[in-house]
2 protein chains.
Amino acid sequence: MDTHGHTKQRLLDTAIQLIWEQSYGAVSVDHICERAGAQKGSFYHFFPSKSELAVAALEAHWQQRQPEMDRIFTPETPPLERLARYCASVYRRQKAKRMEFGRVCGCAFTCLGLELSTQDEAVRHKSQQIIERICRYLETAVRDAAGAGLIARQDFPVMARELYRCIIGVLVQAKIENDLEVIRQLKPSIWRLIGAHPPVAR
Amino acid sequence: MDTHGHTKQRLLDTAIQLIWEQSYGAVSVDHICERAGAQKGSFYHFFPSKSELAVAALEAHWQQRQPEMDRIFTPETPPLERLARYCASVYRRQKAKRMEFGRVCGCAFTCLGLELSTQDEAVRHKSQQIIERICRYLETAVRDAAGAGLIARQDFPVMARELYRCIIGVLVQAKIENDLEVIRQLKPSIWRLIGAHPPVAR
DNA sequence: CACGCACTTGACCGTTCAGTCAACTCCGGT
DNA sequence: ACCGGAGTTGACTGAACGGTCAAGTGCGTG
């Protein structure tokens with residue numbers, strides 16, 4: 001039972017954790033409350049519905065990740081090195097989660113977004129919004145890479161989305177196969193897509 | 001209410017349809033029975049549990065698709081043309097589904113696999129199995145392309161999985177953004193990954 | 001000290017869930 | 001004509017679901 005922090009934050013943290021490990025449909029409000037050490041009335045004091053909790057949890061989860069994204073994608077790092085570090089951080093995060101939970105869990109944004117996007121417009125929209133935020137980091141990196149003459153392509157927004165799809169694909173496959181090794185293929189795939197010289201082995 | 005065919009097949013068809021459009025967690029056995037025009041007792045006569053229905057529905061859905069896959073990937077078609085036709089068929093299928101349901105639904109195998117893979121080993125395994133079957137078509141195509149001197153890479157199984165991840169990524173993004181246009185990017189991405197000459201515009 | 005409000009409590013609601021069951025119908029084989 | 005088994009029916013179960021509520025508690029402010 002999570003007892004750190006205030007109730008609302010505990011509910012958000014617990015929700016994203018359980019939904020990430022299981023799924024929106026498999027996690028009940030009762031489960032979340034129990035694991036967060038809160039009562040149901042408190043839950044509905046902070047969130048009008050389970051669905052709105054999901055939206056808030058997505059946003060909260062992103063807020064937790066953003067500092068690391070800023071660190072990885074700092075302009076002080078050479079652009080291709082940023083991408084390489086991001087690939088490494090994806091692997092590291094998935095490995096850490098598997099250590100904690102015992103299974104590969106993939107990307108929480110994508111899993112939740114995919115599960116609910118045909119049923120819940122608010123969740124779909126928040127999920128899309130977070131994708132856009134991630135793409136912005138990628139776009140800046142490839143734009144800087146082109147500026148430095150490291151890559152030839154100039155269609156930066158398209159490229160960024162292409163790279164993000166590649167990351168999604170890797171994380172989906174890693175979760176379905178419950179295997180981290182797929183993630184090692186992320187960097188070479190990205191290098192091929194951007195048309196950079198083949199990466200040196202990590 | 002679906003009244004064609006025998007009860008078991010109707011249950012399978014209805015199940016995959018509803019799960020594809022919504023999600024495993026959002027679709028109840030009652031819904032499936034109602035839409036299939038069957039009684040609950042009949043459901044549990046054919047399937048021991050909702051989870052085992054999901055596995056059977058994945059397999060049945062694949063069986064329905066296989067003939068088209070065989071047609072697209074026939075060795076009589078030039079290898080890169082096979083890939084191009086597959087990209088086109090992915091777009092066509094998603095467009096048709098959106099026409100019918102009103103939203104982009106993505107890939108049923110992936111959606112169901114992703115939702116349940118941490119909770120239901122049988123579903124995860126079936127989903128993985130179907131991925132492998134699709135990869136086999138892709139692998140033969142790229143092997144033949146290399147044999148014809150159209151591409152340089154020789155790591156065919158790795159390539160096939162790389163291409164499949166690219167397709168997954170596109171379909172996930174198309175569903176989350178509820179937009180078919182992303183799928184148009186599939187072919188150029190695949191061409192970049194295999195290192196073929198840029199495709200002519202479709 | 002007293003007021004008000006944010007937050008908490010735990011019982012409660014009606015509905016829906018997956019799954020069960022005994023009785024029944026129908027049909028092919030003998 | 002009879003039998004047995006596959007398939008069907010619809011009522012049923014107990015648990016779990018999302019959500020509500022009236023009655024509290026406790027704390028910061030005046």
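Computed from a predicted structure; not experimentally measured. First the proteins, then the strands, lettered A, B, ... as listed; each starts at 1.
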Mind checking what makes salt bridge (charged side-chain N to carboxylate O under 4.0 Å, His left out) contact with [X], not counting sequence neighbours?
| X | value |
| --- | --- |
| B/R153 | B/D155, B/E162 |
| B/E100 | B/K97 |
| A/R65 | none |
| B/R98 | none |

Q | Span of DNA chain C, from the first to the last nucleotide whose atoms fall under 4.0 Å of chain B heavy atoms | A | C/dC17 to C/dC21
Q. Does any pair with a residue in residues 38-48 of chain A pass side chain to side chain donor-acceptor pair (under 3.5 Å), and if so which ones, sequence neighbours excluded?
A. A/D30-A/K40
Q: Using a 4.0 Å heavy-atom cut-off, write out nucleotides 11-25 of chain D from 5' to 3' as B (base contacted by protein), S (sugar-phosphate only) or - (no contact).
A: ------SBBBB----
Q | salt bridge (charged side-chain N to carboxylate O under 4.0 Å, His left out): pairs with one or both residues in residues 166-179 of chain A, sequence neighbours excluded | A | A/E177-B/R161
Q.
How many whole angstroms separate atom NE2 of B/H45 from atom P of D/dG5?
A.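 Taking atom P of D/dG5 as the reference, NE2 of B/H45 is at 13 Å.
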**Q.** Expected output: side-chain B/Y24 to main-chain B/S51 donor-acceptor under 3.5 Å
**A.** yes
**Q.** Pairing residues for B/H125 by the ring pair (Phe, Tyr, Trp, His ring centres under 6.0 Å) criterion, not counting sequence neighbours
**A.** none
